[in-house]
Amino acid sequence: MKGLTLARQYFEAYGRTMLEKLSEEHPALRGQFAAGLVGQGSECLGFDDALSRDHDFGPSFCIWLPQKLYLQYGKCCQEAYDCLPKEYAGYPSRQVTAFGTDRVGVLEIGAFYTRLIGKEDAPKSNAEWMWIPESRLAQATCGEVFLDEPGIFSGIRKNLLDYYPEDVRKKKIAARLAAMAQSGQYNYGRLCRRGEWTGAFLALMEFVKNACSVVHLLNRRYTPFYKWMHKSLANMPVLPEVYGLLDQLTDAFDSRQAWRTAGPEDFLLGIINKKDNRAVLLETVCQLVIRQLWEQGLSDTQDPYLEPHALSVMQKIEDPAIAALQLMEG
C-alpha cells in the first residue's frame, strides 16, 4: 500500500472520530481542524515503495491548527493523537529518524509552512518567490488534504499551487537554459576532448539536473528533491519524452573511445560528436526544449544553441528588478 493511501485510510478509521471527540471536549476547536499528509517524504509525492518503509513510514497523518488554537490546545490534541493505535492494516508504527521529526502529528499552520518555504504564507512579491527553493515549494504542495474545516491551510496551499508569477517562471527558465547550454552543449564536449572524464561526467550531471528543472518549469510544476526530479518527469503533459532520453543519457556507457577515435568528419556543426551517443542525446533534449519554448511564446530566436534562447526569454520579463538579475541567477 502506498503511504498516502495508508495515511488516508488511517485517518478515516481513527482520525475523524478523534477530531469529533476533541471538538466535543473543547468547543473552540469545532470546525477548526485541517488534516492530511503533506510535506517531506517520498510518500507525499506518491513515489514510495517497499524500500521506503525502513524509515519515517507508517500509519500517521498531520493535523494543522491556527496559531492561537495550537498554543492553547496543541498539547491535548497531540496527546489524543498519540493514543491512536500504533499499527494499522498490517503496518507497524512509524519509525522516526533524526531527520523525520515534526512531519506528522499536531502542527501549527504558520510554523509548518515556515519550516518548508521560510514564510507563514504564500509569497507576496516576485522577489519573495524567486529565492524559495523549488524543492521546498514541491514539498509544500504535494500530498493530500483530507479535511480542512476553516480553509486556512488550503488557502495558502492554493496560492502556492497557482504557481510562480510569470516573470519569475521566465527568469528561472532562462537560468536553466543558460546552465544547460554551458554544461551540456559547451563544456561536456570540451572536457571530453581534453580527456577530463570526471569533469565531463560532472558537466553531464549538471545538464541533467537543469534539464529536469526546465521541463518542470515548462509544465508549471515545482521540481522536487534531486532524488525524485527525474522520476517526476514520467507523466508530464509537456515533454514527457525527456524522461526516457535522460534515462538513456545516464545509461552505463563509456564515452572515452568515442572521443579518442573521432575525426573531423564525425562532428556535426563542428562540436557534436556523432560517435558519442550521449552527445547526440544531449542535443536532442536541447532541440525538444527549444521547440517547446517556441510553442509557449518564450523565445523568438532560431539558434540551435540554448544561450540565445535564454537571453530571448530574459527580454520578455517585465519586472525590472527580475530582468536585472544575472542570467544564471534563479
Side-chain angles (χ1 to χ4, degrees), residues 129-138 163-164 166-192 196 198-234 236 238-251 255 271-272 276-296 298-299 301 303-314 316-317 322 325-330:
W129 276 104
M130 275 298 301
W131 306 118
I132 300 174
E134 290 178 79
S135 63
R136 291 294 186 162
L137 289 163
Y163 206 61
Y164 292 122
E166 188 61 5
D167 276 353
V168 173
R169 186 177 82 108
K170 288 174 181 175
K171 181 65 196 75
K172 289 182 176 291
I173 288 172
R176 304 302 176 269
L177 295 174
M180 290 169 69
Q182 182 193 73
S183 60
Q185 289 181 297
Y186 184 75
N187 277 326
Y188 172 72
R190 290 171 69 87
L191 288 161
C192 286
E196 293 286 346
T198 300
F201 179 81
L202 292 171
L204 185 68
M205 291 304 98
E206 189 70 14
F207 175 84
V208 169
K209 181 182 73 173
N210 282 282
C212 287
S213 178
V214 84
V215 173
H216 280 84
L217 286 159
L218 291 169
N219 278 276
R220 292 177 170 80
R221 307 271 182 91
Y222 297 120
T223 309
F225 181 59
Y226 75 88
K227 184 167 69 171
W228 302 117
M229 61 169 53
H230 173 254
K231 185 178 179 66
S232 61
L233 298 181
M236 290 285 183
V238 172
L239 296 176
E241 62 269 44
V242 172
Y243 172 82
L245 290 169
L246 294 182
D247 239 355
Q248 294 178 60
L249 193 60
T250 56
D251 195 11
S255 300
I271 55 172
I272 304 166
D276 182 358
N277 190 46
R278 285 200 177 108
V280 176
L281 288 166
L282 186 154
E283 194 60 38
T284 302
V285 171
C286 292
Q287 299 314 307
L288 286 170
V289 167
I290 287 171
R291 286 188 198 174
Q292 187 57 218
L293 294 172
W294 292 336
E295 287 189 22
Q296 295 193 21
L298 293 168
S299 176
T301 180
D303 201 298
Y305 189 50
L306 283 175
E307 187 174 287
H309 293 275
L311 295 171
S312 183
V313 175
M314 287 287 291
K316 298 179 185 299
I317 296 173
I322 301 299
L325 293 172
Q326 196 271 343
L327 177 61
M328 298 186 79
E329 282 190 277

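Counting from 1, the numbers follow the sequence of the chain as shown.
- How far CG of L191 is from OG1 of T198: 10.0 Å, rounded to the nearest 0.5 Å.
- Under the 4.5 Å side-chain criterion, counting only non-hydrogen atoms from C-beta, Y243 is not in contact with M236.
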- Check the pair L282, L204 against side chain to side chain contact (heavy atoms under 4.5 Å, CB included), reporting the backbone distance first and the verdict last. CA-CA 9 Å; L282 186 154; L204 185 68; 4.2 Å; yes

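- L245 meets the side chain to side chain contact (heavy atoms under 4.5 Å, CB included) test with Q248, L281, T284, V285, L288; sequence neighbours excluded.
- Taking a cutoff of 4.0 Å between a charged side-chain nitrogen and a carboxylate oxygen, R176 and E134 qualify as a salt bridge.
- Looking only at distances, a side-chain donor or acceptor of Q185 sits under 3.5 Å from a matching main-chain atom of P304.
- A pairwise comparison of heavy atoms in V289 and M180 identifies CG2-CE, 4.3 Å as the closest pair.
- In this structure, I290 CD1 and L306 CG are separated by 4.5 Å, a value rounded to the nearest 0.5 Å.
- Using modelled atom types, one side-chain atom of K172 and one backbone atom of G330 make a donor-acceptor pair closer than 3.5 Å.
- For the pair N219 and L233, the minimum side-chain heavy-atom distance is 4.5 Å or more.
- In Y305, the OH atom is crowded: over 12 heavy atoms of neighbouring residues, nucleotides or ligands sit closer than 6.0 Å.
- A pairwise comparison of heavy atoms in A200 and C192 identifies CB-SG, 3.8 Å as the closest pair.
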- Might you work through the side chain to side chain contact (heavy atoms under 4.5 Å, CB included) test for I322 and K170, ending with a clear yes or no? CA-CA 9 Å; I322 301 299; K170 288 174 181 175; over 6 Å; no

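- A search for side chain to side chain contact (heavy atoms under 4.5 Å, CB included) contacts involving Q296 returns R169, L218, R220, V238, Q292, L298, not counting sequence neighbours.
- For the pair R278 (side chain) and D251 (backbone), a donor-acceptor distance under 3.5 Å is present.
- Residue pairs meeting the salt bridge (charged side-chain N to carboxylate O under 4.0 Å, His left out) criterion with at least one partner in residues 204-217, sequence neighbours excluded, are E206-K209.
- Scored by the side chain to side chain contact (heavy atoms under 4.5 Å, CB included) test, P133 finds S135, R136 as partners (sequence neighbours excluded).
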- Message: Set out, in order, the CA-CA distance, both residues' side-chain angles and the distance that settles side chain to side chain contact (heavy atoms under 4.5 Å, CB included) for L249 and F207, then state yes or no.
- Response: CA-CA 10 Å; L249 193 60; F207 175 84; 3.9 Å; yes

- Task: Step by step, work out the ring-ring contact (aromatic ring centres under 6.0 Å, His included) result for H216 and Y222.
- Result: CA-CA 6 Å; H216 280 84; Y222 297 120; 9.6 Å; no

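- Not counting sequence neighbours, the partners of Q182 by the side chain to side chain contact (heavy atoms under 4.5 Å, CB included) test are N187, M328.
- Y188 and D276 share a donor-acceptor pair across their side chains, judged by distance under 3.5 Å alone.
- Within a 6.0 Å radius of OH in Y163, other residues, nucleotides and ligands contribute more than 12 heavy atoms.
- Two residues are said to be in side-chain contact when any heavy atoms from C-beta on lie closer than 4.5 Å; S213 and M229 fail this criterion.
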- Could you walk me through whether L293 and I173 pass the side chain to side chain contact (heavy atoms under 4.5 Å, CB included) check? CA-CA 10 Å; L293 294 172; I173 288 172; 4.0 Å; yes

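- Under the 4.5 Å side-chain criterion, counting only non-hydrogen atoms from C-beta, L246 is in contact with C212.
- Put simply, the side chain of K171 gets close to the backbone of E329: a donor and an acceptor are under 3.5 Å apart.
- Considering only heavy atoms from C-beta on, E307 stays 4.5 Å or farther from L177 through its side chain.
- Note: H309 and W294 have tilted aromatic rings, judged against thresholds of 30 and 60 degrees for the angle between ring planes.
- When the side chain to side chain donor-acceptor pair (under 3.5 Å) test is applied to K316, the partners found at least two apart in sequence or on another chain are D300.
- Judged by distance alone, the side chain of S312 and the main-chain N or O of P308 form no donor-acceptor pair under 3.5 Å.
- Looking at heavy atoms from C-beta onward, L137 lies in side-chain contact with Y164 at the 4.5 angstrom threshold.
- Counting heavy atoms from C-beta on, the side chains of I317 and E166 never come closer than 4.5 Å.
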